[in-house]
Amino acid sequence: QAIAGAIGQDFQNAEAAPPSATSRVINGTGFSISIPDNFNGVKTQNAGTMYSVSFQGDRLDCTIQVDVIDASKQKNLSKIVEDNKKAYGAATASKTTLGGVEAYYMNYSFGGNVQSRVYFAIKGEKMFRVTMNYFVPKQDVYKQVFEKSISTFRIL
């Protein structure tokens, strides 16, 4: 049974369509992002979020997640990032920009051959948390495409 499961898993992974080189712009609550046109947006429910959407293709371990969180009570981005380091198991956070505003990102992995990167940015009363996840053996197919998508993220 384990062999049949492993064979089925390999077959499924081999058959997953890669992200399309053609992208389309998606407008969400307070943001826009360009994603591969063969990816679908699925609204998700994440605790503490005002709006959440996961963009995914055929592989459920290769996604871009966008969460919009109320930042009216806490707007100190560096403190938020510092407070989240432990939860993500990240030793460091790097300063960058996201959607034209100051941001931080952390690389992390919760295991299972999936690598992740989370970005945090605040504009006005909203914090934007953008996460990309990709299956490590397929990183050459997904990582660059996801980084390109995140570079198109705009806060509206």
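What you are looking at is a predicted structure, and each value in this text was computed from that prediction instead of being measured.
Side-chain heavy atoms closer than 4.5 Å link hydrophobic residues (I, L, V, M, F, W, Y) into clusters, and following such links, possibly through other members, connects Met132 to Phe31. Tracing side-chain contacts under 4.5 Å through hydrophobic residues (I, L, V, M, F, W, Y), one reaches Tyr119 starting from Tyr51; they form part of the same cluster. Criterion: ILVMFWY side-chain heavy atoms under 4.5 Å apart, direct or through other members. Under it, Phe146 and Phe135 are not part of a common hydrophobic cluster. Placement of Val81 and Val118 within a single hydrophobic cluster is found when ILVMFWY residues are connected by side-chain heavy-atom separations under 4.5 Å, directly or transitively. By the criterion of side-chain heavy atoms lying less than 4.5 angstrom apart, applied directly or through intervening Ile, Leu, Val, Met, Phe, Trp or Tyr residues, Phe128 is grouped together with Phe55 in one hydrophobic cluster.
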Pair Asn76, Ser78 - check side-chain hydrogen bond (donor to acceptor under 3.5 Å, both in side chains), show working.
CA-CA 6 Å; Asn76 184 334; Ser78 60; 3.0 Å; yes
Chi angles and distances behind the side chain to side chain contact (heavy atoms under 4.5 Å, CB included) call for Gln139, Gln144
CA-CA 8 Å; Gln139 76 179 9; Gln144 187 175 356; over 6 Å; no
With side chain to side chain contact (heavy atoms under 4.5 Å, CB included) as the criterion, how do Phe153 and Ile155 come out once you've worked through the C-alpha distance, each side chain's angles and the decisive distance to 0.1 Å?
CA-CA 7 Å; Phe153 187 85; Ile155 298 172; 3.7 Å; yes
For the pair Asp37 and Ser23, evaluate side chain to side chain contact (heavy atoms under 4.5 Å, CB included) and give the outcome as yes or no after the intermediate values.
CA-CA 5 Å; Asp37 68 1; Ser23 60; 5.9 Å; no
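The CD atom of Glu102 sits 13.5 Å away from atom NZ of Lys123, with the distance rounded to the nearest 0.5 Å. A distance of 9.5 Å separates CG of Asp70 from NZ of Lys126, quoted to the nearest 0.5 Å. Between Ser32 atom OG and Ile35 atom CD1 the span is 11.5 Å, to the nearest 0.5 Å. A distance of 12.0 Å separates NZ of Lys138 from CG of Asn113, quoted to the nearest 0.5 Å. Ile33 contributes atom CD1, which lies 5.0 Å from atom CD1 of Ile64 (distance to the nearest 0.5 angstrom). Atoms CD1 and NZ, on Ile80 and Lys85 in that order, are 14.0 Å from each other to the nearest 0.5 Å.
Closest approach of Ala90 and Asn107 over heavy atoms only: CB-O, 3.9 Å. Listed here is the closest heavy atom pair of Thr97 and Ala103: C-CB, 3.9 Å. Pro36 approaches Val145 most closely through the heavy-atom pair CG-CG1, 3.7 Å. Ser54 and Thr44 get closest at one heavy-atom pair: CB-CG2, 3.9 Å. Closest heavy-atom contact between Thr92 and Met106: O-CG, 3.6 Å. Taking all atoms of both residues into account, the shortest heavy-atom contact from Met50 to Ile69 is SD-C, 3.7 Å.
Relative ring orientation between Tyr88 and Phe120 is described as perpendicular, the plane-to-plane angle rising above 60° on a 0-90° scale split at 30° and 60°.
Val136 forms part of no hydrophobic cluster, judged by ILVMFWY side-chain heavy-atom separations under 4.5 Å.
For the pair Tyr105 and Lys95, the minimum side-chain heavy-atom distance is 4.5 Å or more. A heavy-atom distance below 4.5 Å is not found between the side chains of Ser94 and Tyr104. No side-chain heavy atom of Val53 sits less than 4.5 Å from a side-chain heavy atom of Val42.
There is no side-chain donor-acceptor pair under 3.5 Å between Thr152 and Ser34. With hydrogens and angles left out, the side-chain atoms of Asp67 and Gln65 include a donor and acceptor closer than 3.5 Å. In this model, a donor atom of one side chain and an acceptor atom of the other lie less than 3.5 Å apart for Ser116 and Asn133. No hydrogens or angles considered: a donor-acceptor pair under 3.5 Å links the side chains of Ser52 and Thr49.
No donor-acceptor pair under 3.5 Å is formed between the side chain of Arg117 and the backbone N or O of Val130. Side chain of Asn38 to backbone of Pro18: a donor-acceptor contact under 3.5 angstrom is found.
Within a 6.0 Å radius of CD in Gln74, other residues, nucleotides and ligands contribute more than 12 heavy atoms.
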